[in-house]
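Note that the structure is a prediction, hence the values are computed from the model and not measured.
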Amino acid sequence: MKIVGLTGGIGSGKSAAAEIFVSLGVDVVDTDKIAHQLTAPGGMANPLIGAAFGAEMLGNAGEMDRPKMRAMAFENPAARQRLEEILHPLILTQAQNELAKIAIIKAYAILAVPLLYERLTFRSMLWRTISIDCTEETQIQRVIQRPGLSFAAAKKIIAAQAPRSIRLQLADDVIHNGASLSSLRSQIETLHMRYLGLLSRTDLRA
């Protein structure tokens, strides 16, 4: 089974793209969801986060206080790096465990990684990479519709991620998501069929 990396800047539509792949029968392992699980009440990362940043970064149920941590991480690069040092090894282990459970008869699976090109953690595992692309203006319009995220916060998050030009340069395949959901689905269906065609060759399935 091959693994395809799915990435894109915040607000690009990675989650919508992942849902379409699932509807086509493709298994998706989402590292963003894993990170949420690790920092939810009872999550494995919370004791480490509390020890590194103080109890004030944890909520009443022991979960990571996401708004507080987000504010600290984007104001303090050292804090962001420390948080990544805590989370990334745990995310990698969990992602590998979930991928190992996917049936070997599947042609390929999707590994959704928001910061795929910013980190080399997963690159050696991947057959191809997909970047979901849209303009920065579209990203901002989508992000500010989320609870607790302002225009300024959206700009900071985008600035901390790999530039759009780099994602486009590094991606094996690009899906444009600046129009309708039907357009997104059409592009993904076409790409899915192309992948199945490539993987039907025994030399690529080895």
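Interatomic distance, S131 OG to I175 CD1, rounded to the nearest 0.5 Å: 9.0 Å. Rounding to the nearest 0.5 angstrom, the gap separating the CD atom in E19 from the CG atom in L184 is 10.0 Å. The CD1 atom of I102 sits 9.0 Å away from the CG atom of L111 when rounded to the nearest 0.5 Å. How far CD of Q81 is from CD1 of I86: 11.5 Å, rounded to the nearest 0.5 Å. I140 CD1 to E136 CD: the interatomic distance, rounded to the nearest 0.5 Å, is 4.5 Å. Atom-to-atom distance recorded for E56:CD and M72:CE is 6.5 Å, nearest 0.5 angstrom.
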task: In sequence, state the C-alpha distance, the side-chain angles, and the governing distance for E85 and R82, and then conclude on salt bridge (Lys or Arg N to Asp or Glu O under 4.0 Å).
output: CA-CA 5 Å; E85 289 171 351; R82 180 71 185 108; 3.7 Å; yes

message: Go through it in stages, so that I can follow the logic: the residues are Q141 and Q145, the test is side-chain hydrogen bond (donor to acceptor under 3.5 Å, both in side chains), and I'd like the CA-CA distance, side-chain angles, deciding distance and then a yes or no.
response: CA-CA 7 Å; Q141 289 173 6; Q145 294 177 24; over 6 Å; no

field: Verdict with reasoning, T138 to T135, per side-chain hydrogen bond (donor to acceptor under 3.5 Å, both in side chains)
entry: CA-CA 5 Å; T138 299; T135 65; 2.9 Å; yes

task: Take Y117 and T129 through the test side-chain hydrogen bond (donor to acceptor under 3.5 Å, both in side chains) and record every step on the way to the result.
output: CA-CA 10 Å; Y117 300 128; T129 64; 2.8 Å; yes

message: Applying salt bridge (Lys or Arg N to Asp or Glu O under 4.0 Å) to E84 and R119, what does each step give before you reach the verdict?
response: CA-CA 10 Å; E84 291 172 353; R119 304 285 179 269; 2.4 Å; yes

message: Could you go through I158 and R164, starting from their C-alpha distance and side-chain angles, then the distance that decides it, and tell me whether this counts as side chain to side chain contact (heavy atoms under 4.5 Å, CB included)?
response: CA-CA 9 Å; I158 290 171; R164 180 187 182 193; over 6 Å; no

M64 vs M57, side chain to side chain contact (heavy atoms under 4.5 Å, CB included): CA-CA, chis, key distance, verdict: CA-CA 6 Å; M64 184 180 76; M57 287 299 167; 5.6 Å; no

- prompt: Given D27 and F21, is the side chain to side chain contact (heavy atoms under 4.5 Å, CB included) satisfied, shown in steps?
  reply: CA-CA 8 Å; D27 288 292; F21 275 108; over 6 Å; no

message: Checking L196 against Y108 for the side chain to side chain contact (heavy atoms under 4.5 Å, CB included) test, could you report, in this order, the C-alpha distance in whole Å, the side-chain angles of both residues, the deciding distance, and whether it holds?
response: CA-CA 8 Å; L196 293 181; Y108 73 96; 4.2 Å; yes

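With a 4.5 Å cut-off on side-chain heavy atoms, W127 and L198 count as touching. No side-chain heavy atom of L6 sits less than 4.5 Å from a side-chain heavy atom of D30. Taking the side chain as every heavy atom from C-beta outward, I166 and P163 approach each other to under 4.5 Å. Q161 is listed as a side-chain neighbour of I10, based on a closest heavy-atom distance under 4.5 Å. For the pair I157/R70, a side-chain contact is recorded, criterion being any heavy-atom separation below 4.5 Å from C-beta on.
Side chain of E189 to backbone of Q187: no donor-acceptor contact under 3.5 angstrom is found. Side chain of T93 to main chain of L90: no donor-acceptor pair is present (N/O by atom type, distance under 3.5 Å, no hydrogens or angles). Under a 3.5 Å cut-off, the side chain of Q37 and the backbone N or O of G43 do not form any donor-acceptor pair. When atom types are taken as modelled, the side chain of N46 and the backbone of A40 share a donor-acceptor pair closer than 3.5 angstrom. Between the side chain of Q139 and the backbone N or O of S12 there is no donor-acceptor pair closer than 3.5 Å. When atom types are taken as modelled, the side chain of T39 and the backbone of A35 share a donor-acceptor pair closer than 3.5 angstrom. With R185 contributing its side chain and I20 its backbone, the two residues share no donor-acceptor pair below 3.5 Å. The main-chain N or O of V113 is found under 3.5 Å from a side-chain atom of T7 such that the two form a donor-acceptor pair.
Cluster annotation: L115 and I130 are assigned to distinct hydrophobic clusters (Ile/Leu/Val/Met/Phe/Trp/Tyr, side-chain heavy-atom contacts under 4.5 Å, transitive). No single ILVMFWY cluster, assembled from side-chain heavy atoms under 4.5 Å apart, contains both L168 and I188. Cluster annotation: V174 and V4 are assigned to distinct hydrophobic clusters (Ile/Leu/Val/Met/Phe/Trp/Tyr, side-chain heavy-atom contacts under 4.5 Å, transitive).
Shortest non-hydrogen contact noted between C134 and G11 is SG-O, 4.0 Å. Annotation for R142 and N177: closest pair NH2-O, 2.7 Å, computed over non-hydrogen atoms. Scanning both residues, P67 and D65, for their nearest heavy atoms gives CD-OD1, 3.1 Å. Nearest heavy atom pair, residue L126 against residue G5, reads CD2-N, 3.7 Å. In terms of heavy atoms, A79 sits closest to F53 at O-CZ, 3.5 Å. A pairwise comparison of heavy atoms in M1 and A109 identifies SD-CB, 4.0 Å as the closest pair.
Residues forming a salt bridge (charged side-chain N to carboxylate O under 4.0 Å, His left out) with R128 (at least two apart in sequence, or on another chain): D173.
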